[in-house]
Amino acid sequence: MRYLVTGATGYIGGRLAARLVDAGPVRCLVRDPEKLLDVPWARRAEIVSGDLLDPVSIRAACEGVDVLYYLVHSLSDREFAATDRRAALITAQAARDAGVRRIVYLGGLHPDGPLSEHLASRAEVGEILLRSGVPTAVLQAAVILGSGSASFEMLRYLTERLPVMVTPRWVHNRIQPIAVRDVLRYLIGAATLPPEVNRTFDIGGPEVLTYLDMMQRYAAVAGLPSRRIVPVPVLTPHLSAHWVNIVTPVPKSIAGPLIESLVHEVVCSEQDIREYVPDPPEGRTGYDRAVQLALAKISGGDVETRWSGAAVADMPSDPLPTDPQWSGGTVYLDEREHAGTADPDALWEVVTGIGGERGWYSFPLAWAVRGWMDRIVGGVGLRRGRRDPDRLQTGDALDWWRVEQLRDGADGRMLRLRAEMKVPGRAWLEMVVRPVPGGSSYEQRAVFIPRGLAGHLYWWSVAPFHGIVFGGMVRNITRTAERLGQQRRHDEAADIA
């Protein structure tokens with residue numbers, strides 16, 4: 001069986017593709033193939049460049065495919081409903097014309113009646129695919145529990161950071177959460193449904209809980225005291241999204257749609273999928289077990305995919321021009337260099353370990369304030385952290401940056417980050433490590449291409465702090481690498497002795 005996965009750089013798509021490569025040929029349609037350069041399973045898949053809004057590219061991607069997985073949703077796009085509708089219509093026609101035998105779509109579990117804009121959009125996409133003429137399975141899930149999922153991160157941070165919580169009424173609504181491993185099992189099993197099956201399926205775990213129950217049981221599994229809850233009826237979904245934006249790493253643009261879905265009671269009305277995809281011998285994953293598995297992955301630094309890996313709407317996707325004049329306008333640069341005795345490998349380890357819990361090696365207060373400012377205006381802020389505490393790969397979210405390129409060449413190694421914070425322009429940060437006689441050379445370059453007058457004013461307003469922020473980064477990164485190298489030499493000498 002030949003598979004096409006759309007959304008392979010996202011949370012579910014990345015995990016699904018990693019499992020499908022063991023079952024048959026896998027093709028992944030992505031807008032930026034470089035985001036999968038460092039992903040191990042991608043070497044066993046066919047990665048093609050394209051866009052679901054481009055009929056030519058999606059038609060070519062569907063050629064020779066048996067099963068198409070549709071795992072794309074414009075969560076933070078301002079025109080998300082129109083974008084998703086158009087993408088679904090284009091994909092439906094392309095799949096039908098190419099003779100695809102089955103479409104599998106992961107949507108949102110929802111009740112009958114009026115829905116939020118995002119749930120209504122996901123339901124509409126499902127209906128479009130069901131009317132495509134290609135047998136379609138629309139799997140509808142509520143809260144997905146797994147390391148790195150946006151729903152789990154929101155639950156985790158709210159519970160861990162707030163021993164006393166002021167909660168809105170929706171925390172008492174019933175929810176049927178599902179472990180990510182069960183979602184993947186259903187997605188894979190749906191590929192072999194009989195050809196006459198063309199319908200929606202509700203998928204859920206074995207328990208129905210309230211969000212309040214979920215927080216209290218999370219606290220118990222995590223070894224935390226029972227949380228104290230103070231209900232406040234005036235906390236609307238809109239205000240709740242702002243609160244989540246402040247307390248958790250999940251930005252308002254993503255928290256909003258998640259909370260909108262929780263305003264409804266989301267419980268499976270049927271579970272017919274189990275007739276076609278039977279439960280495993282040990283049964284479906286219960287809530288406590290799903291939390292234990294997710295926390296174990298997080299504590300072990302083994303988070304396979306993360307919600308922040310998906311692209312952020314309105315962020316620049318063009319790579320940094322090699323020649324700044326390529327842009328045809330003003331380019332502001334802050335360039336710094338330091339040659340020292342640090343071992344190149346130790347220096348590269350420090351560079352690629354930057355961000356997250358380790359921070360940015362200069363003026364933490366300035367970085368924190370800038371992160372809070374970004375959160376206030378709806379940006380991603382600093383709290384997205386890292387997918388892995390020690391390893392980076394192209395496409396990873398790194399606080400408010402995105403890893404755009406990792407290069408290991410004869411002339412040195414380079415890490416390029418693209419900013420995803422709210423700024424009037426486009427910004428990058430490059431860090432280069434080169435071996436030199438007696439040690440290494442560290443080169444750091446910040447690039448900003450302003451947009452309009454606001455962009456120029458922004459650069460000149462922050463330029464006075466660059467000496468402290470960027471200069472401090474150079475000094476502290478190289479000093480940390482020198483200490484790391486000294487410690488390793490000392491340890492090696494001790495081992496020899």
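Identified under the side-chain hydrogen bond (donor to acceptor under 3.5 Å, both in side chains) test for residues 88-103, with sequence neighbours left out: Asp66-Arg101. Sorted by first then second residue, the side-chain hydrogen bond (donor to acceptor under 3.5 Å, both in side chains) pairs that include residues 42-51, not counting sequence neighbours, are Asp22-Arg44, Arg27-Glu46.
Annotation for Arg19: atom CZ counts as buried by contact number, over 12 foreign heavy atoms lying within 6.0 Å. At most 12 non-hydrogen atoms from other residues, nucleotides or ligands lie less than 6.0 angstrom from CD of Glu117. More than 12 heavy-atom neighbours from other residues, nucleotides or ligands sit within 6.0 angstrom of CD on Glu196.
No donor-acceptor contact under 3.5 angstrom links the side chains of Glu420 and Trp401, judged on distance only.
Residues Pro280 and Arg185 are in side-chain contact: their nearest non-hydrogen atoms beyond the backbone lie under 4.5 Å apart. The closest side-chain heavy-atom distance from Val197 to Arg199 is below 4.5 Å. Side-chain contact between Val208 and Ile175 is absent, with no heavy atoms from C-beta onward closer than 4.5 Å. Residues Ile178 and Val143 are not in side-chain contact: their nearest non-hydrogen atoms beyond the backbone lie 4.5 Å or more apart. For the pair Leu406/Glu34, no side-chain contact is recorded, criterion being any heavy-atom separation below 4.5 Å from C-beta on. Considering only heavy atoms from C-beta on, Phe80 comes within 4.5 Å of Ser121 through its side chain. The side-chain heavy atoms of Tyr458 and Leu453, taken from C-beta on, include no pair separated by under 4.5 Å. The shortest distance between side-chain heavy atoms of Val21 and Tyr3 does not fall below 4.5 Å.
Checked against salt bridge (charged side-chain N to carboxylate O under 4.0 Å, His left out), Arg86 has no partners two or more places apart in sequence or in another chain.
Between the CG atom in Leu36 and the SG atom in Cys28 there is a gap of 6.5 Å [rounded to 0.5 Å]. A distance of 10.5 Å separates CZ of Arg386 from CD of Glu357, quoted to the nearest 0.5 Å.
Without hydrogens or angle criteria, Tyr287 side chain to Met214 main chain gives a donor-acceptor distance under 3.5 Å. Distance alone, capped at 3.5 Å, is enough to place a donor-acceptor pair between the Ser149 side chain and the Ile144 backbone. Proximity of a side-chain donor or acceptor of Thr192 to a complementary backbone N or O of Gly189 within less than 3.5 Å is detected. Side-chain atoms of Thr6 come within 3.5 Å of backbone N or O of Leu71 as a donor-acceptor pair. Formation of a donor-acceptor pair under 3.5 Å by the Asp202 side chain with backbone atoms of Gln271 is not found in this model. Glu265 contributes a side-chain N or O that, together with a main-chain N or O of Arg174, makes up a donor-acceptor pair within less than 3.5 Å.
Of all the heavy atoms in Pro424 and Phe448, the pair that sits closest is O-CZ, 3.6 Å. Residue Thr285 comes nearest to Leu293 through the heavy atom pair CG2-CD1, 4.3 Å, listed as atom of the first residue, atom of the second, then distance. For the pair Thr136 and Leu129, the tightest heavy-atom approach, listed with the atom from each and the gap, is OG1-O, 3.0 Å. Considering every non-hydrogen atom in both Leu115 and Ala120, the closest pair reads CB-N, 4.0 Å. The two residues Ala179 and Ala290 make their nearest non-hydrogen contact at CB-CB, 3.9 Å. In terms of heavy-atom proximity, Tyr211 sits nearest to Leu158 at OH-CD1, 4.3 Å.
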Query - Stepwise side chain to side chain contact (heavy atoms under 4.5 Å, CB included) check, Leu145 with Val180 - result: CA-CA 6 Å; Leu145 301 171; Val180 66; over 6 Å; no

Report task. Evaluate the side chain to side chain contact (heavy atoms under 4.5 Å, CB included) criterion for residues Leu139 and Leu187: first the C-alpha distance (whole Å), next the side-chain angles of each, then the deciding distance (0.1 Å), finally the verdict. Result -> CA-CA 8 Å; Leu139 307 185; Leu187 286 170; 3.7 Å; yes

Report task. Step by step, work out the side chain to side chain contact (heavy atoms under 4.5 Å, CB included) result for Leu109 and Cys268. Result -> CA-CA 7 Å; Leu109 188 61; Cys268 295; 4.3 Å; yes

Requested in this report: Walk me through it: do Ile188 and Val277 pass the test side chain to side chain contact (heavy atoms under 4.5 Å, CB included)?
Outcome: CA-CA 9 Å; Ile188 294 170; Val277 185; over 6 Å; no

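Note on Arg402 versus Asp396: no salt bridge recorded, every NZ/NE/NH1/NH2 to OD/OE distance being 4.0 Å or above. By the 4.0 Å N-to-carboxylate-O rule, Arg217 lies close enough to Asp288 to be salt-bridged with it. The pair Asp182-Arg284 does not meet the salt-bridge criterion, since no charged nitrogen lies less than 4.0 angstrom from a carboxylate oxygen. Under 4.0 Å is where a charged nitrogen must lie from a carboxylate oxygen, and between Glu160 and Arg227 no such pair does. Ionic pairing of Asp84 and Arg122 is not present here: no N-O contact between side-chain nitrogen and carboxylate oxygen is shorter than 4.0 angstrom.
Remark: aromatic rings of Phe201 and Tyr186 are distant, center separation not under 6.0 Å.
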